[in-house]
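One structure is given below, encoded as C-alpha cells.
Here is the naming used below: chain letters follow the sequence lines, and residue numbers restart at 1 for every chain. Because only heavy atoms are used, hydrogens play no part in the values below, and waters and symmetry mates are left out as well, while side chains stay in.
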There are 2 protein chains.
Amino acid sequence: MKKENVTEKSTMDKILDAAIPLFAMKGYAAVSVKELAEAAGVNIALISYYFGGKENLYAAVLKTQFAVIAEMIDVIRKTDHLNPAEKIRFFGQIVAQSHVKCPYTSHLIYGEFINPTASFDTIVKKELSQLNNFLSGCIREAIELGQFREDLDPEYAALSLSGIVNFYFFTQNLSKEILPPRENQAEYYINQAVETYLHGVLVPNIL
Amino acid sequence: MKKENVTEKSTMDKILDAAIPLFAMKGYAAVSVKELAEAAGVNIALISYYFGGKENLYAAVLKTQFAVIAEMIDVIRKTDHLNPAEKIRFFGQIVAQSHVKCPYTSHLIYGEFINPTASFDTIVKKELSQLNNFLSGCIREAIELGQFREDLDPEYAALSLSGIVNFYFFTQNLSKEILPPRENQAEYYINQAVETYLHGVLVPNIL
DNA sequence: GTCTATATTGCGATAGAC
DNA sequence: GTCTATCGCAATATAGAC
C-alpha cells in the first residue's frame with residue numbers, strides 16, 4: 001500500500017513487524033519498549049517518535065491485524081451463489097487459511113478477550129460482531145429454506161460455529177501436542193469440526 | 001480444609017482470594033504486588049513473606065484453581081452408569097455450573113493459553129489432557145457401540161466438544177452483548193451447543 | 001506476624017546533539 | 001530521522017523495628 005519501492009522497509013514497518021509477534025505471544029503488559037526496539041533493530045527512542053508510545057503502538061498493531069479480519073470478512077461475504085452449508089464450509093477453509101497466513105492475528109484477538117485493553121471496545125467488538133452477523137445470517141437463511149433445524153437460535157448457533165472452528169487454534173499450545181499426529185492437523189481438525197457442526201444443524205432427513 | 005474456625009480468614013487466604021480475580025482479569029504481568037496487597041487489605045511486604053514473591057503467588061493461585069478443575073473431572077468420571085450421549089450432556093451441565101461457582105477459573109486457564117507462564121507446562125497441560133482423555137474415551141466408547149459416526153477421530157472430536165461448550169465463556173465480553181437476551185443465557189447456549197454437537201456426532205438413523 | 005523504610009532495578013518517555 | 005543520556009517514576013523485594 002504505502003511502499004514506494006521494494007528495496008527497504010521503513011522504520012515504522014520494522015517496528016510494526018517486530019511488535020506483532022511480541023505483543024501476540026507475551027501480551028501487552030509483558031512486553032517492554034526496549035524489547036520492541038531491539039527486535040525491530042531500531043533505536044529505542046524511535047517508538048515514541050513514530051507511534052507516540054507503547055500504548056499507541058499496540059493500538060496500531062491491532063489495527064493492522066483487524067485489517068486482515070476485515071479482508072477475510074469481505075472474502076466470505078462474496079458467497080451469495082453458495083447455499084448456506086457451502087458458505088459455512090467455505091468459512092472454515094478461510095479461517096484455516098488465515099491462521100497459516102497471519103499466525104498472530106488470532107492470538108492478538110484472543111488476548112483482547114482475556115485481558116481487554118482500551119482497543120477492545122473500539123476495534124475488536126465492532127469487527128467481530130459483524131462476523132457473527134454474517135454467520136447468523138447464513139444460518140437464518142438455511143432455517144428459512146428448511147435446511148437447518150428450526151429450533152436453532154441463529155445468533156447462538158453462529159457463536160457455536162466460531163467456537164468449534166477456532167478452539168483448536170486457541171488451544172494450539174496443548175492441542176498440537178495431545179492430538180494424534182496427522183499430515184495436516186489443522187485442516188483435518190477444521191474439516192471434522194465443520195462436518196460435525198453441519199450434521200448437527202441440518203434437519204435429519206436431508207442427509 | 002485448613003480453616004480452624006470460621007470467624008476470621010488467614011492472611012494467606014486473604015491474599016489468595018484477592019489475587020484470583022486480579023490475575024484472572026488483568027493477566028499476570030499487568031498486576032502489581034502493591035495492587036494485590038491493597039485488594040487483600042494486607043501490608044505489601046506480606047506477599048513476599050507468605051508466598052516468596054509475585055511469581056510464586058501466581059503459581060499458588062493457579063494451583064487453587066486447578067484443584068477446582070480436578071474436582072470437576074472427578075465428578076464427571078463418576079458417570080459409568082450413563083450412556084455416552086448422557087455423559088456428554090452431563091459434561092455440559094458441569095461446565096456451566098463451574099462457571100457460575102468459580103467464575104475466574106476459566107479466565108486464568110485461558111490466560112495461560114494465550115500468554116503462558118512457567119505454570120503452563122507444569123500444571124495446565126497435565127490437567128487438561130486428562131480432561132480431553134476422558135471425553136475422547138466417551139466418544140470412542142460411543143463409536144464402538146455404534147452410536148456415534150465411525151469416521152470420527154475421538155481425540156479431535158473431544159477437542160471440538162470442549163470448543164463448542166467453552167467458547168461462549170471465552171468470548172463472554174462480546175457474547176453477552178451481541179446475543180439476544182434469554183432468561184438464562186449461558187445455560188441456553190450450552191444446551192443448544194451440546195445438542196447440536198450430539199446431533200452432529202450421532203449416526204443419522206438413531207434419531 | 002506485621003509494619004516502615006529503603007535498596008535496587010527496570011520501566012516509558014523525552015531533551016537535545018548530530 | 002536517528003542517536004545518547006537522562007529524568008522521573010513505579011516496580012519487586014528485603015532488612016530490621018516492633
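Between A:Leu46 atom CG and C:dG12 atom P the separation is 15 Å, expressed in whole Å. The CD-C1' distance, from A:Glu55 to C:dC11, rounds to 15 Å in whole Å. Following rounding to the nearest Å, A:Leu36 (CG) and C:dG10 (C1') show an atom-to-atom distance of 15 Å. Counting to the nearest Å, the P atom of D:dT12 and the CG atom of B:Asn56 are 14 Å from each other. Computed from coordinates, the A:Ile15 CD1 to C:dG12 P distance equals 14 Å when rounded to whole Å. Summarising the geometry, the separation between NZ on B:Lys14 and P on C:dG1 is reported as 13 Å, rounded to the nearest angstrom. The separation between A:Glu38 atom CD and C:dG12 atom P is 12 Å, rounded to whole Å.
Electrostatic pairing of B:Lys125 and B:Asp121 counts as a salt bridge here, judged by a charged N lying under 4.0 Å from a carboxylate O.
Shown here are the salt bridge (charged side-chain N to carboxylate O under 4.0 Å, His left out) partners of A:Arg182, two or more places apart in sequence or in another chain: B:Asp153. With sequence neighbours left out, the side-chain hydrogen bond (donor to acceptor under 3.5 Å, both in side chains) criterion links B:Glu141 to B:Lys87. Shown here are the side-chain hydrogen bond (donor to acceptor under 3.5 Å, both in side chains) partners of A:Gln192, two or more places apart in sequence or in another chain: A:Tyr188.
Contact annotation: B:Tyr49 side-chain N/O to D:dA13 OP1/OP2 distance is not under 4.0 Å. Taking 4.0 angstrom as the limit, A:Thr11 places none of its side-chain polar atoms (N or O) nearer than this to OP1 or OP2 of D:dG1.
Remark: the B:Ser160 side chain and the A:Tyr189 side chain contain an N/O donor-acceptor pair separated by less than 3.5 Å. A donor-acceptor contact under 3.5 angstrom links the side chains of A:Thr117 and A:Glu112, judged on distance only.
The aromatic rings of B:Tyr110 and A:Phe170 stand perpendicular to each other, their planes meeting at an angle above 60°, with 30° marking the opposite boundary.
Less than 6.0 angstrom separates the ring centroid of A:Phe113 from the ring centroid of A:Phe120.
Listed in residue order, the members of residues 19-28 of chain A having a heavy atom less than 4.0 Å from DNA chain D come to none.
For the pair A:Lys54 and A:Phe23, the NZ or CZ position fails the cation-pi test of under 6.0 Å to the six-membered ring centre and within 45 degrees of the ring normal.
For B:Glu55, the CD atom counts as loosely surrounded, since its 6.0 Å shell holds 12 or fewer non-hydrogen atoms of other residues, nucleotides or ligands.
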Listed pairs, N/O of protein and of nucleotides 4-8 of chain C, under 3.5 Å:
residue, atom, partner, partner atom, Å
C:dT4, OP2, B:Asn43, ND2, 3.2

Under 3.5 Å between N/O atoms: give me all the protein pairs with nucleotides 6-11 of chain D, atom names plus distance.
none

Derivation and outcome, side-chain contact (heavy atoms from CB on, under 4.5 Å), residues B:Leu131 and B:Phe91: CA-CA 10 Å; B:Leu131 181 58; B:Phe91 165 71; 4.2 Å; yes
